Amino acid sequence: MPELPEVETVRITLLPLLMNKKIVSVQLLYDKMIVNNTPESFTSRLVGQTFRGIERRGKYLIFILSNLKMISHLRMEGKYYLKDESIPIEKHEHVIFTLDTGESLRYHDTRKFGTMELLEFNQISQTGFSSLGFEPFDDEFSWIYLKEKLAHSNRPIKGGLLDQSVISGLGNIYVDEVLYSSKIHPARLCSSIRDDEFKKIAENSKVILEKAINLGGASVHSFSYGDGITGRFQNELNVHTHADEPCNECGYVIEKMKVAGRTTYYCPNCQRM
DNA sequence: CAGGTCTCCTGCTAGC
DNA sequence: TGCTAGCAGGAGACCT
């Protein structure tokens with residue numbers, strides 16, 4: 001499942017491949033992934049647009065076009081490939097952007113959970129994109145910001161950190177790793193988190209995401225990159241997917257439990273209630 | 001408002 | 001071997 005580091009890796013990879021290339025036609029093969037627009041309008045407005053940049057906010061990719069922007073969320077398994085337009089369309093390719101170079105940008109998504117939203121430059125998104133909290137790299141982000149957002153919440157801290165309107169970019173993998181590094185049990189209520197613990201969460205979020213970006217993100221479970229790109233951060237994971245293995249810190253066996261509706265990995269010794 | 005639960009979708013796995 | 005039930009999961013809809 002692509003989280004901030006994986007989406008950033010996609011952005012960096014795709015940018016030089018698409019810059020200044022023009023969309024000459026669009027084939028939409030799965031209508032339900034388009035948000036806040038009809039399929040006909042979505043495809044027709046894109047024709048003639050040129051890629052001028054790609055930005056990222058949290059886990060969202062933002063394709064900057066001539067006079068539109070396209071907000072793309074990969075959810076669990078979304079991938080982009082650049083292929084020669086003559087190559088036959090594969091089973092899970094749902095959107096085909098044919099370019100003026102004879103290539104085509106293909107959006108591939110096995111589970112069809114991804115979304116795309118086309119917006120004017122000054123238009124507000126109808127999705128969670130418009131209510132994203134700061135990401136750990138923002139100047140405005142700090143442990144005090146986190147405390148203000150969470151200290152009065154009775155959710156488990158795991159759920160609080162997964163909430164993109166609180167902190168954007170963390171998903172199931174990285175929340176587990178941040179809480180492990182911060183020595184905080186994932187089921188602890190947000191309201192019980194102390195100042196020194198908020199400090200650790202804020203610091204570790206930044207450090208872990210930075211390290212993951214430098215390693216090209218993590219290729220975990222079903223998510224992998226297209227075009228031969230492989231993330232290496234999965235080798236650095238301490239708890240996520242490591243159930244029944246010894247903790248790197250203390251040797252206790254890593255456990256798995258459901259917290260906030262998500263499969264959660266933690267060390268019962270390092271991360272006490 | 002806050003928090004919980006269901007839904008979307010498909011491939012994979014456990015169990016018979 | 002072949003079948004099915006169950007599971008995974010980000011974000012939005014819906015409910016309490």
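Just so it is clear, the model here is predicted, and its values are computed rather than measured. Just so you know, these numbers use all the heavy atoms, side chains as well, and skip hydrogens, waters and symmetry mates. Letters A, B, ... are given to chains in the order of the sequence lines, protein chains preceding strands, and every chain is numbered from 1.
Interface residues of residues 27-42 of chain A facing DNA chain C, ordered by number: none; criterion, heavy-atom separation under 4.0 Å.
Two end axes, each from the C1' atoms of five base pairs, can be drawn for the helix from B:dA2-C:dT16 to B:dC16-C:dG2; they diverge by 50°, to 10 degrees.
When rounded to the nearest whole Å, the span between CD1 of A:Ile173 and P of C:dG9 equals 9 Å. Distance A:Met257 CE to C:dC7 C1': 18 Å, rounded to the nearest Å.
Ring orientation note: the planes of A:His92 and A:His108 are nearly perpendicular, at an angle over 60° on the 30°/60° scale.
Residue-level contact check: A:Asn154 touches the backbone only, with heavy atoms under 4.0 Å from sugar-phosphate atoms and none from bases. Heavy atoms of A:Thr263 sit under 4.0 angstrom from primed sugar atoms or phosphate atoms, though from no base atom.
Legend: residues meeting salt bridge (Lys or Arg N to Asp or Glu O under 4.0 Å) with A:Lys206, ordered by chain and number and at least two apart, are absent. Judged as a salt bridge (Lys or Arg N to Asp or Glu O under 4.0 Å), and not counting sequence neighbours, the contacts of A:Glu90 are A:Lys83. Partners of A:Lys158 under the salt bridge (Lys or Arg N to Asp or Glu O under 4.0 Å) rule, at least two apart in sequence or in another chain, are A:Asp176. Remark: A:Glu255 pairs with A:Tyr266, A:Pro268 by the side chain to side chain contact (heavy atoms under 4.5 Å, CB included) rule, at least two apart or across chains. With sequence neighbours left out, the salt bridge (Lys or Arg N to Asp or Glu O under 4.0 Å) criterion links A:Arg56 to A:Glu8, A:Glu135.
Around the CG atom of A:Asp244, the shell of radius 6.0 Å holds no more than 12 heavy atoms that belong to other residues, nucleotides or ligands. Counting non-hydrogen atoms of other residues, nucleotides and ligands closer than 6.0 Å to NZ of A:Lys22 gives a total of 12 or fewer.
Alongside A:Ile87, the hydrophobic cluster contains no other residue (criterion: ILVMFWY side chains under 4.5 Å). In the hydrophobic clustering, where aliphatic and aromatic side chains (Ile, Leu, Val, Met, Phe, Trp, Tyr) are joined below 4.5 Å either directly or transitively, A:Ile64 groups with A:Tyr60, A:Ile62, A:Ile71, A:Leu119, A:Phe121, A:Phe129, A:Leu132.
Counting 5' to 3', DNA chain B first comes under 4.0 angstrom of a heavy atom of chain A and last does so at the ends given by B:dG3 to B:dG11.
In the model, A:Ser182 has no side-chain atom that pairs as donor or acceptor with a side-chain atom of A:Glu197 under 3.5 Å. Side chains of A:Asn67 and A:Gln49: a donor-acceptor N/O pair is present below 3.5 angstrom, by distance only.
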Across nucleotides 11-16 of chain C, 5' to 3', mark each nucleotide with B, S or - according to how protein heavy atoms within less than 4.0 Å reach it.
BS----
Cut-off 3.5 Å, no hydrogens considered: what does the side-chain donor-acceptor table look like for residues 24-35 of chain A, sequence neighbours left out?
{"residue": "A:Ser25", "atom": "OG", "partner": "A:Thr98", "partner atom": "OG1", "Å": "3.4"}

